[in-house]
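Chain identifiers are assigned alphabetically (A, B, ...) following the order of the sequence lines, protein sequences preceding nucleic acid strands; residue numbering begins at 1 within each chain.
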Amino acid sequence: MRIDATGITASAGGRRVLSDVTLNLQAGAFVGLIGPNGAGKTTLLRILAGLAPPAAGTVAFDGADAARLGRRALARRIAYLAQDGPVHWPLRAEALAMLGRLPHRGMLGGVTAADRAAVERALARTDTLHLRRRIVGTLSGGERMRVLLARTLATEAALLLADEPVAALDPRHQLETMALLRDAARSGTGVVAVLHDLTLAARFCDRLILLSDGAVLADGPPDQTLTDANLRDAYGIAAHRGRVGDRPFLLPWTALSTQGEPAR
Amino acid sequence: MRRWLLRILAVLPLAGGAALAGDAPAKTQRIASLNLCADELLLRLVEPQRIASVTWLARDPRGSNVAALAAAVPVNRGLAEEIVPQRPDLVVAGKYTTRTTVGLLKRLDIPLLELDVPQTVEAVAEQIRQLAHAVGEPERGEALIAGMTARLDALDALDALAQGQRPTAVVLRPNGFVAGSGSLVDTILTRAGLDNLADRLPLGSQGALPLEAIILGGAERLIVDAAPDAPPSLAHAVLHHPAVAALATRVRVVSLPSRLWTCAGPQIAEAAELLAVGREAAP
Amino acid sequence: MSRLPLDERIPYAALVAGLAVLTLALGLASVAIGYVPFDLGAAFGDLLGGRATLPALVLAELRIPRAALGLLVGFSLGLTGAAMQGWLRNPLAEPGLVGVSSAAALGAVVVFYSGLSATVALALPLGGMAGAAAAALLLNVMAARGAGTTTLVIGGIAINSLAGSLTALALNLAPNPYAALEIVFWLMGSLADRSTDQLWLVLPPMLAGWALTLSGARALDALTLGEDTARSLGFNLAALRVRLIAGAALAVGSAVSVTGAVGFVGLVGPHLLRPLVGARPGRLLPVSGLAGASLTLAADIAVRLLPTRPELKLGVVTALIGAPFLIALIWRLRREEP
């Protein structure tokens, strides 16, 4: 599975949100989609998920456009996790995860053994097996996000697009979720996650796409994307860098004034 | 307080009728009517020139026996603001209709005659007499009464010939209303030689009944208020219910035009004659 | 784990079967319980044997169509209520409360009293459908991005009062003096003296409406997670909208055109059954239809057993049952949506 986006332009409310974005995604890698607020990350993710058409440019899913492929076929290949995804009814966790199987079920066919097995795997991978009978509304924020993630994994799609999957989690669950997404990528699923935490992004992602003002400022491995120059240009910040063992890390440290000097 | 009492006293004889009629020195010249039943009697008793207005319903041939006569007379919709400018010297109203207008007219001291709803042939005759006196046409009143009475008496003669063979009948009016004993319709049925079953229906004889109560009563004649061209209403839809149509295959259904039995007037003789024909088994 | 919750203890198939049996039992009770007792067995025998007795006639032309219409109308209202709640993701979305029923009544009133339905019988359900569709479309515009309780309730009040006053206007303009008094039927609903003609008239559009609505079950499940997620799960929400609006118009529009607007039926059933199906909107659809049918049949038996003459309007009884549910629901939603 691959997505080739070429020359994507999008606007919202009369404002240009994305201009001439070109990138491609494929299975097997954990890609972080980063950039400051308003850079167009969510807009881009929705376009990549086939949920919104770009104003200009093309998105090809395995070489075909979304209309030719059909929404259901696309749904089997791409799983999408919305930001602050609502759960409108007091569903049990297991039933919620089962929603991820909807793209695989026919108009009338019931739940198959394959569906049950996929849900079991997804609950196991998100460590939510013990929550299966709980009503979603009674879960903590971290448990809820993991169950929602289990729903996404249950689709067993080739690509998983997640909008801020760790935003609402405590540090432990952030680490666990990031590890989970990385493992999913290792096992062959392509993962694209919108992230705000640069430390986590640098540590877990194979590739980072840095958006700034609706354009791709950098696209590549973390050490090539999160350069001091890029951090200054995109976020207006400076970072501390260090090493844990052989792994580098990065910590946003200072907000810069527009001239590139420390603001405070 | 005295003024108020005087006003009551002024109205009472009007409502009573006879006292005023006896004293009426001159014929009233501008008479208005607020009620279809009053319209019918008025148009039959008085030449059109003396009528200020009748109700708009009087012109509708579906409900009125005097539609042709009413065409020559102005019409009102029962509002005081229509009646007062006509400066009537007598207003005839129904005892249970247009109460607001009647109340206003009373306060303005406009002479008023309120007609009750008679339940017997005698009361119908008395009402015709009362109105005829009030409008100064006693002879025409007596002629109407005589005509009606003669036709009804002729039916009694027929009934005597039938030697007590009185088929049971039940009436079906809009909304499933039946007519129980003591009503004028009951009187007409009896005069036509029919045995009104209403009082023996499973749910009683008053008001609106569900169709199943009327059908399971098992009457031998079903008298249906015939208004084939009435504007659509749920009230009339009951009369065209498939169950009624199915019933028509096994008992005789007599259609009686509603104008003949909606009001108490000489037309009840015609209603009774039609019913007497329907009394015979289906041809 | 102590005791299993209800939705885990009662298998879904058993729930559907149980409600179906209840509905059929109430349907038979509705045939058996009328105003005038008679030998039902003999009447059935006469009916099947083609003997045209009065009890057979009452059975065929009054009792059976009344019970059948009660079942169909109740199922339509219950099913549509559950579907609208799933679609708008609000447990208050009920055909009566949001104005779909009263708009259907307006459409039917215009067609009936203008005399159009006397010429073309099908015009009556079509009028009801047009009204229901108009209200559902209006609702769709107002609740374009999921409906908050306030939007829904205020929108419902607006549509209800507009449709109600236009109905009153149409009835006052109707040439028949009885018409003005018949607003009670259209706004409260009744199954009194309904006929087989009406049954056959509304059966096909109702079945079509049910099929359309039920076909949206999976999409309604997906909508639990919001519109973006539902679309990412492969559902075309524009098509779902068309199906649900058409389904509501067909089922509720034709129901209201022969029985008037019976309120609260689509509220009570889904509310009671949601915990029993684990709140899954798709599973809620058929059981809510059955619950609506049971409620309507039970209410219609009640109006005939109560000693009021003429009988109470059906909507009076369903409102007496449903209003406490509504109050409880609003109370709970108020706490959830500060």
Per-pair distances, 0.1 Å, donor-acceptor, side chain in residues 21-35 of chain A, under 3.5 Å, sequence neighbours excluded:
from  : atom 1 : to   : atom 2 : distance (Å)
A/T22 : OG1    : A/G7 : N      : 2.9
A/Q26 : OE1    : A/R2 : NH1    : 2.9

Gap between atom CD1 of A/I135 and atom CG of C/D7 - 0.5 Å precision: 7.0 Å

Rounded to the nearest 0.5 Å, what's the gap from CZ on A/R101 to CG on C/L233? Could you check? 11.5 Å

Closest heavy-atom pair and its distance - C/R231, A/R71: O-NH1, 3.1 Å

Under 4.5 Å heavy-atom distance to chain C, tell me which part of A/L51 shows up: side chain, backbone, both or neither. both

Select all residues of residues 279-290 of chain C having any heavy atom within less than 4.5 Å of some heavy atom of chain A, and report them by number, or 'none'. C/A279, C/R280, C/P281

For chain C, which residues from residues 86-96 of chain A lie under 4.5 Å away (heavy-atom distances)? A/P86, A/V87, A/H88, A/W89, A/P90, A/L91, A/R92, A/A95, A/L96

For residues 138-152 of chain A, give me every residue with a non-hydrogen atom less than 4.5 Å from any non-hydrogen atom of chain C. A/L148, A/R151

